[in-house]
Structure formats: structure tokens, C-alpha cells
Amino acid sequence: MSSSSSSMSSGQVEDVAEAAPAAPPQQRLVLAVDDSSVDRAVIAGILRSSKFQVTAVDSGKRALELLDLKKNVSMIITDYWMPEMTGYELLKAIKESSELKEIPVVIMSSENVPNRITMCLEEGAEDFLLKPVQPCDVSRLCSRVLK
Amino acid sequence: MKKSLFDQGYLDEQFYQLEELQDEVSPNFVEEVVTLFFRDSTRLVTNIDQALEKRPQDFRKLDACMHQLKVSASSIGAAKMKNECTSFKEFCGKESLEGCIRSFQKLKKEHSTLRTKLENYFQLLRQVGPVEKAVRSGK
């Protein structure tokens, strides 16, 4: 198998969109957060195929750092279960910030736990997607959230 | 060749979903994702191997490690691996070390077999070129 794979290594902020051709100015930027390099690559691929610019990071902490720098994030899609800061904790931090609270946040999880889903939606999450995330889920979601 | 991977249960629909994401901008998307998977899964398998040696056994930690592996396996459509991960987690729930060890041996075998088969598949794709990639085998 190819050794020249994705360079989304742990601890790094990687702008996946930089590998793509120049995007039209109106293209929306989505921030993807997942500690799994495989899932980051998959969600970034799905978003890119839907013509979104994507920046993928591996932790909630990195996400907040990036949100401090980039003011044009249209949506955040984050895994729920991450070490140090869960997706729920990231969601809370965003919704408690006067600068960030209007950014739609979507949570992903591999586990269908009703209490977890309810908790996230009540905290202000736009949606809760079960992994493995499908392109049609993201397409439907983005149409609704980013109209 | 791809059809046999599906027919034998190594891969499921998720793999097709990944292939649908390949385009001119990312012509090797699936191979890149699979490479990431085997990089991460090899590390996780090593961690679980070491964790199984420890006494007393921490079944919660084992379960958590295996959960990571299961999620990644699901994301690339590695069906047999995903099923074996589920089996292992069930043994963790029952705190059956013997069951975990047995299941883990099967999982390592599936991991190794899948790696070989996918390496061969991607090598074949590189040899055949775009024609093979354009044809989606029947399910």
C-alpha cells in the first residue's frame, strides 16, 4: 500500500483544503474534529466531495485554538468520544462563547446512546450522526444547517 | 478480486462508500484511508497484546482499546474485523480472559489477512489502472 498517505498526524492542525484546487470564495469552511486519523480522513473526504472546504484537527483543544484564529468557520462536526475533551465538552465551550455560539455544531458517535444524544441536542447541537457517517447523512445535514 | 473480498465477508458497503469519494482531486483516497487504518490498527493491536499480558486484567481498558479499533474498522468497511471486535468486547463485558485471548487471536488473523488482501488489491489497481477503478463489481 502507498506510504504517501494522509499527513493528518496527531497533534497537528492540517488544512485538508490546501491539497485541493483553489476554491470559489463562497465555499464554506467546515471544521472536523476527531482523534481517529481514519475517521478524520473519512469525514474530510465526505465533506470535500460535497464541495466544502475542510480543516481537520485531532482534539477539542486544537479546535478551540483554531476557532480563535479562523473566523470563517461555517460548521463544526466533532466526534463525541475523544480523550481530554469530549465532543460534548467542546460543544459546551462553543455554546458558552459569545463569539462562537452561533456556529452550528454536529456530533458524531459510534454508539447509539439515547441519553447522550438528548444531552447533546439539549446543549445546542444541530444534529447527532452515528458512525460510520454516510455521505448522504452529511449532505442532508449540510443542506439543512447551512442553507 | 474486489467482489471476492465482499463475497467472503471481509468488506462491507462502507468500502463502496469510500470508493464513491474518490475523484480526480483525490484519486487514491481509499488507499490513503486504508493505509491510515493499518497504521493505527497495528498500534492498537500491539497495545491490546501488551494489555492482555497484564495482571490483574483491566477489562475496561481492554474494552476501550478494542472500541477504538472497532470504530476504525467500521469506517473502512472491514466487516470481519468489526465483528471480531464486537466478540472481544462481549468477552470483556463477561470479564472472560480466556474468551478475550481466543477472540484476539482470531482478530489478529483477520487483521493480517485483510492487510494482505487489500495490499494485493491496490497493487492490482495500480497495474490495471483507471479501467479497473471505473468498474464497480456487483455485490
Side-chain angles (χ1 to χ4, degrees), chain A residues 1-10 12 14 16-23 27 32 34-54 56 58 79-84 86-87 108-113 129-139, chain B residues 11-44 61 63-79 81-82 85-86 89 114-126:
Chain A
M1 278 175 280
S2 168
S3 58
S4 57
S5 59
S6 166
S7 56
M8 286 182 252
S9 57
S10 179
Q12 290 182 358
E14 182 74 23
V16 175
E18 285 175 1
Q27 200 171 45
D34 202 313
D35 61 312
S36 161
S37 60
V38 174
D39 286 353
R40 275 202 307 282
V42 171
I43 193 64
I46 291 174
L47 288 164
R48 195 185 57 238
S49 75
S50 296
K51 310 301 179 197
F52 291 101
Q53 277 192 11
V54 184
D58 65 355
D79 187 30
Y80 179 88
W81 206 247
M82 296 184 289
E84 295 180 8
T86 66
M108 303 180 286
S109 178
S110 58
E111 296 171 304
N112 188 354
V113 180
L129 301 180
L130 288 178
K131 287 183 173 182
V133 174
Q134 307 293 316
C136 58
D137 295 333
V138 174
S139 179
Chain B
L11 297 176
D12 62 26
E13 172 67 28
Q14 181 66 13
F15 192 84
Y16 279 132
Q17 299 280 353
L18 296 185
E19 289 192 317
E20 294 291 313
L21 298 176
Q22 276 190 167
D23 55 20
E24 318 75 53
V25 174
S26 302
N28 302 312
F29 176 73
V30 181
E31 188 172 356
E32 288 169 4
V33 173
V34 168
T35 300
L36 280 173
F37 170 72
F38 281 109
R39 186 192 73 182
D40 286 359
S41 60
T42 300
R43 175 181 53 81
L44 284 168
K61 188 175 173 186
D63 183 82
C65 281
M66 188 54 75
H67 181 73
Q68 286 184 58
L69 184 56
K70 182 182 170 183
V71 172
S72 291
S74 294
S75 292
I76 71 156
M81 273 199 66
K82 182 180 72 175
C85 290
T86 300
K89 282 166 64 70
L114 182 64
R115 186 204 290 262
T116 302
K117 286 184 180 289
L118 285 175
E119 278 176 351
N120 292 343
Y121 170 66
F122 288 120
Q123 192 171 27
L124 183 65
L125 278 186
R126 280 192 286 276

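Only heavy atoms go into these numbers, but all of them, side chains included; no hydrogens, no water, no symmetry mates. Throughout, protein chains are lettered first and strands after them, A, B, ... in sequence-line order, and every chain is numbered starting at 1. Note that this is a predicted model, so its numbers are computed, not measured.
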> chain B: which of A:Ser49, A:Pro135, A:Pro132, A:Cys136 shares the most heavy-atom pairs with it under 4.5 Å?
Replying inline: A:Pro132
> Between B:Gln14 and chain A, which part of the residue has a heavy atom less than 4.5 Å away: side chain, backbone, both or neither?
Replying inline: side chain
> What part of B:Phe37 lies closer than 4.5 angstrom to a heavy atom of chain A: side chain, backbone, both or neither?
Replying inline: both
> Can you name the nearest heavy-atom pair linking B:Val33 to A:Ala41, along with the distance?
Replying inline: CG2-CB, 4.0 Å
>> Can you tell me which portion of B:Asp40 sits under 4.5 Å from chain A's heavy atoms? Options are side chain, backbone, both or neither.
In response: side chain
> Sequence neighbours excluded, which residues qualify as salt bridge (charged side-chain N to carboxylate O under 4.0 Å, His left out) partners of B:Lys70?
Replying inline: none
> Once you round to the nearest 0.5 Å, how far does CD1 of B:Ile76 lie from CG of A:Asp39?
Replying inline: 10.5 Å
> Does some side-chain heavy atom of A:Ser36 sit less than 4.5 Å from a side-chain heavy atom of B:Gln68?
Replying inline: no
